[in-house]
Amino acid sequence: MVTLPTAFKALQEQLLNAAEKFATDAQPLSEMLIALMTDVEKASNEPLEIFPVCHHSPSSALQMVRRLREKPPKVIYLELCEDLQNTVENLRDCKLPVALQAFAAESESFSPKIMPLSVVAPITEASAEYQAIAFALQNPETKLVFVDRAVDFVFQWEPPDKKPVAESEEPASDEAKMHGSAIGVEVGSLVPTFDQFLTFLLRNSNTRHFSEWWDEYVETAIIGADYETYRQVMFLIGSLMRRLGTRNHDIEIDRQRERYMWTCMKKHMAANKIAPSEAIYICGAAHSASDVEEYSVTNNNVWEIPERSQTKWLYGLIPSSFAAIEYQFHHPAGTVSLAEANWKKNLKITGLKGFSLNKEEKASKKQQSQVAAKATNSNLTAFLTRPPELAAADTEQLLQWCADIVGLARKNAYLASTADSIAIYQTSMLLAGMRNRMHPTPYDFQDAAITCLEKDRTPKKRNIYQLCQILLGGDRIGTVGYASLPPLAQDVYDRLQPLGVNLLAQTNQRALMDFKQQPELLPCSDVLWRLYYLLSDRIVKPIMGDRSLGSKPIQESWEIRIGKYQRDIIMLGYEGVSIEQVIEQRLKQTAFSPQAQTSDVLKATEDSILYARSLRLTQELGEHAISLLKQETGVSDAPQVFERVRRLVHYYRATPTGLPEWIERFVTTGYGHYATLLPQAFADRGTTPEQIAGMLNFIFTLESLALSLGCNRSQLLIGVKQSSQGLDDPAKIGLLWTTEWLLTLRKLEEIREFFDEVINNEMLIKSFPEYLNGFILSLTFAPRISKFVVELLSKLFATVPDKILLPWLPSLILKLRPHAQILQGLIKEAASNFPNTLPGFNNWVPAWSKPQPENKEQVKRVEAAPALSDNELKIREFLLNFPATTNAFAKLLGIKELTWEESLETNINSGDRLSEKEVKTQELITANPATLNYFANIINSNF
């Protein structure tokens, strides 16, 4: 049996006697208890004073204040990543909680799956680490040294496994997402990772989670203990959690960290000649009695620290919140706020004053409370054998809670009265008794309030549980001060200053801008639009106004939430020193990505015009778009390419400088490229009709510009002629025939004859929707074909029997549905052909059903004759009614007397076209204009 030194011999005997009475096999239990006591003795006798802590524990923070005020050390060694130390100077300008952060956007040493790399260390006022940091910053004679592994080793030793987050694990609020995907590091984590031990612990203590167990059985017990008793209890609990509550894998990681920390401390003490009695080591209770060889300053064993990777880390501060800390470290909601309330309550009880960087206050060497003398045998023994003390403040606090929760419930439309306050108090006492507790805990109070006040439905937004969270402290969101912000964030704050809104406020701010009255606000609008482009509508949201090519803003209204989501703009600061630089980097990253297509580069080019306003960048992206277009062998993004190029062409045509060289080269390159790819696109079954329509849109819409820049239409003619070989897709046939019709390679009569056969053939009519789909797609580049499409649909519904039409009518509707915008033009064309009233259909004959003239010369004459306007019709009617004057002029010109054979009605019914005699007269006057000019001069001189 292992024996302990005399100091803990009495406690050892009591523990062994208890093991013999309550354990069936006393040997393993006694060995475990002796091992625990050995760890306590080992940590207590270490020459370098060890201060064990628990993460965000108010008792640890309170004991830290007592220790530092009683005996300020020369050096404070703190268990935090050593490369985060330079960021603590910026805590002076912050409102807690905030988090120290290390960030790396890219690294060649780690897997791309876990990028970007981010580590956060949240800091709250009710934590021992913040009290130590604040004390050291206020007292320059005390040196603060972070000794834990660098953040690079966090990923080297234990790479995170980024799995999809389950829906049940998603954060409940935006505040809980403030850390993003960062890995959290903490000082003094004691939550058991061995699930069986944790389950056993909670079941036998009538608690629901570890935070409740800690608060009930440890926190309330040690917060009022003397300093040495606190240390010994924490050593004991840390040893227990290390030996029973931690998985083997986690223990190995802890040992690596302990080797690292003891090596760093020994090197620093040797280099600066620090005696062990002049320093204090703040670490998690589980690290206080390590079994590594490097443990203790009594030996010279050091560990060879491995090399860091070549990853470039950036450091700074980001705002945090209680909800984010709880979500990061898997604490139940309300844990940190309860700790904060407990911290403030005990500061008031003990009369201590915590250290705060917001108040420049020198720490006095002595205050009201005194730290107990060096540990004696009786401290831990007496603490473990006496019942916990009941503080009067706890009862007063419970009574206040019972009254306040009823008041909150009333404000939220609950029917509550003073009787409910009494019921909540009595229920809290009852629950505490059932759970073997001396006094109700906040968790007992919450359960009692829900039992007494909660209804079947919530009257307003918040239920009783949420009201209890607000009452017990609620969530708190930190703010990083202006001086602690990265340069990019400071630049944004400076440039938005003319708006006159509070950018640090946690509430939504509204900015109204009238650029006619205040043109000096235009730069602010540019900044807001750039932030909107980079971060979407999370931190800035336009309520009125937009930004598009060629538009000039008149008025804008913005909702600004920079203070609420400050982390987002801080994260931008890791990408560059200005938002313009970040935009340029992101645009280039998108455009020069290996997966980027021509349409993606053109989108980046358009965005560079809207947000970057850099001619150099726009030209660079445009040149890259040309090179990508030349390399493309497919046409998958042809519709998007056409839409973006057309928009850019229209924009540049409206500018004083006109089209830049790169857009002209893009149009000429695209014309030839798509004309060459036409045969391949029509033959490839993987190319959709929509994509081919996009190619033809580009070709015909921008053809005049391309031809003016030196392109040759023969490329298109050759490509179209080659495309007709072996084509069997009906939709593509419709596109090809429309193209051939535009190029006069196919007559409309041939197409009409083909579809007359399709409509009259029951076997072929099933493919009619596919043919029609091709012609409808053609409307975007050949709007004149709309008359023919109306004709086809009219013939279809007029001639096809219902028994044939109805079965495939749904497929026709499905084909037409995606073309809602294109169909608008088709509807207008139909409206111009059909009568405007229902009676007009009685004798109406469609234009395509009228007999066509057989004489080719007559057809040519009729087609060549222009339609008459209303004024011309009136003049024509006057001449027909009074022919004498016209006959006199004809006789004067040497023309035989005219015969007026056609009546006005005949001419009107013939389509308002000129008669044969009128055409001859018009030709005569056109060929001999001198006579007409002579008569005109005579008339002018007389009138």
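All residue numbers refer to positions in the sequence shown, counting from 1.
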Do His179 and Ser320 have side-chain atoms, one donor and one acceptor, less than 3.5 Å apart? yes
Examine the side chains of Gln156 and Asp152 and answer whether a donor and an acceptor come within less than 3.5 Å of each other. yes
Side chain of Ser593, backbone of Gln589: donor and acceptor closer than 3.5 Å? no
State whether a side-chain donor-acceptor pair under 3.5 Å links Glu580 with Tyr611. no
Side-chain H-bond candidate by donor/acceptor type, Thr605 with Thr618, under 3.5 Å: no
Within 6.0 angstrom of Arg647 CZ, more than 12 heavy atoms from elsewhere: yes
I'd like to know if Arg257 pairs up with Glu79 as an ion pair, taking the criterion as any Lys NZ or Arg NE/NH1/NH2 lying under 4.0 Å from an Asp or Glu carboxylate oxygen. yes
With no hydrogens and no angle check, do the side chains of Gln101 and Ser118 hold a donor and an acceptor under 3.5 Å apart? yes
Can you tell if the side chain of Ile405 reaches within under 4.5 Å of the side chain of Leu453, non-hydrogen atoms only? yes
Just by distance, with hydrogens left out, do Ser127 and His56 show a side-chain donor and acceptor under 3.5 Å apart? no
Ignoring hydrogens and angles, tell me if any N or O in the side chain of Ser111 forms a donor-acceptor pair with the backbone of Lys113 under 3.5 Å. yes
Answer yes if the side chains of Asn90 and Thr87 hold a donor-acceptor pair under 3.5 Å, and no otherwise. no
Using a distance-only test with no angle check, is there a side-chain donor-acceptor pair under 3.5 angstrom linking Gln506 and Thr479? yes
Gln131 side chain to Phe355 backbone, donor-acceptor under 3.5 Å: yes
Search all heavy atoms of Ala61 against all heavy atoms of Trp343 and return the closest pair with its distance. CB-CZ3, 3.5 Å
Taking atom types as modelled, find out whether Tyr533 and Asp607 have a side-chain donor-acceptor pair closer than 3.5 angstrom. yes
Could you tell me whether Gln585 atom CD has more than 12 heavy atoms of other residues or ligands within 6.0 Å of it? yes
One thing to verify: whether Glu575 and Arg586 come together as a salt bridge, which I'm taking to mean a side-chain N less than 4.0 angstrom from a carboxylate O. yes
Is there a donor in the side chain of His331 and an acceptor in the side chain of Glu326, or the other way round, less than 3.5 Å apart? no
Thr441 side chain to Asp444 main-chain N or O, any donor-acceptor pair under 3.5 Å? yes
Should the pair Arg495-Asp526 be classified as a salt bridge under the 4.0 Å nitrogen-to-oxygen rule? no
Assess, by modelled atom type and distance only, whether the side chains of Ser614 and Glu584 contain a donor and an acceptor separated by less than 3.5 Å. no
Using a strict cut-off of less than 4.0 Å between a Lys/Arg side-chain nitrogen and an Asp/Glu carboxylate oxygen, indicate whether Asp600 and Arg644 qualify as a salt bridge. no
Checking Trp558 against Glu556: is there a side-chain donor and acceptor pair closer than 3.5 Å? yes
Hey, are Trp313 and Asp83 close enough side-chain-wise for a donor-acceptor pair under 3.5 Å? no
Considering only heavy atoms from C-beta outward, does the side chain of Phe135 approach that of Leu144 to under 4.5 Å? no
So, the side chain of Thr458 versus the backbone of Lys460: is there a donor-acceptor pair under 3.5 Å, distance only? no
Looking at Glu606 and Leu602, would you say the former's side chain and the latter's main chain have a donor-acceptor pair under 3.5 Å? no
Within the 3.5 Å criterion, strictly below it, is a donor on Gln555 or Ser557 matched to an acceptor on the partner's side chain? no
Does any donor atom in the side chain of Tyr482 or Asp494 lie under 3.5 Å from an acceptor atom in the other side chain? yes
Between Glu186 (side chain) and Cys54 (backbone), is there a donor-acceptor pair under 3.5 Å? no
What about the rings of Phe110 and Trp157, do their centers lie closer together than 6.0 Å? no
If you define the side chain from C-beta out and look only at heavy atoms, does anything of Tyr532 sit under 4.5 Å from Lys541? no
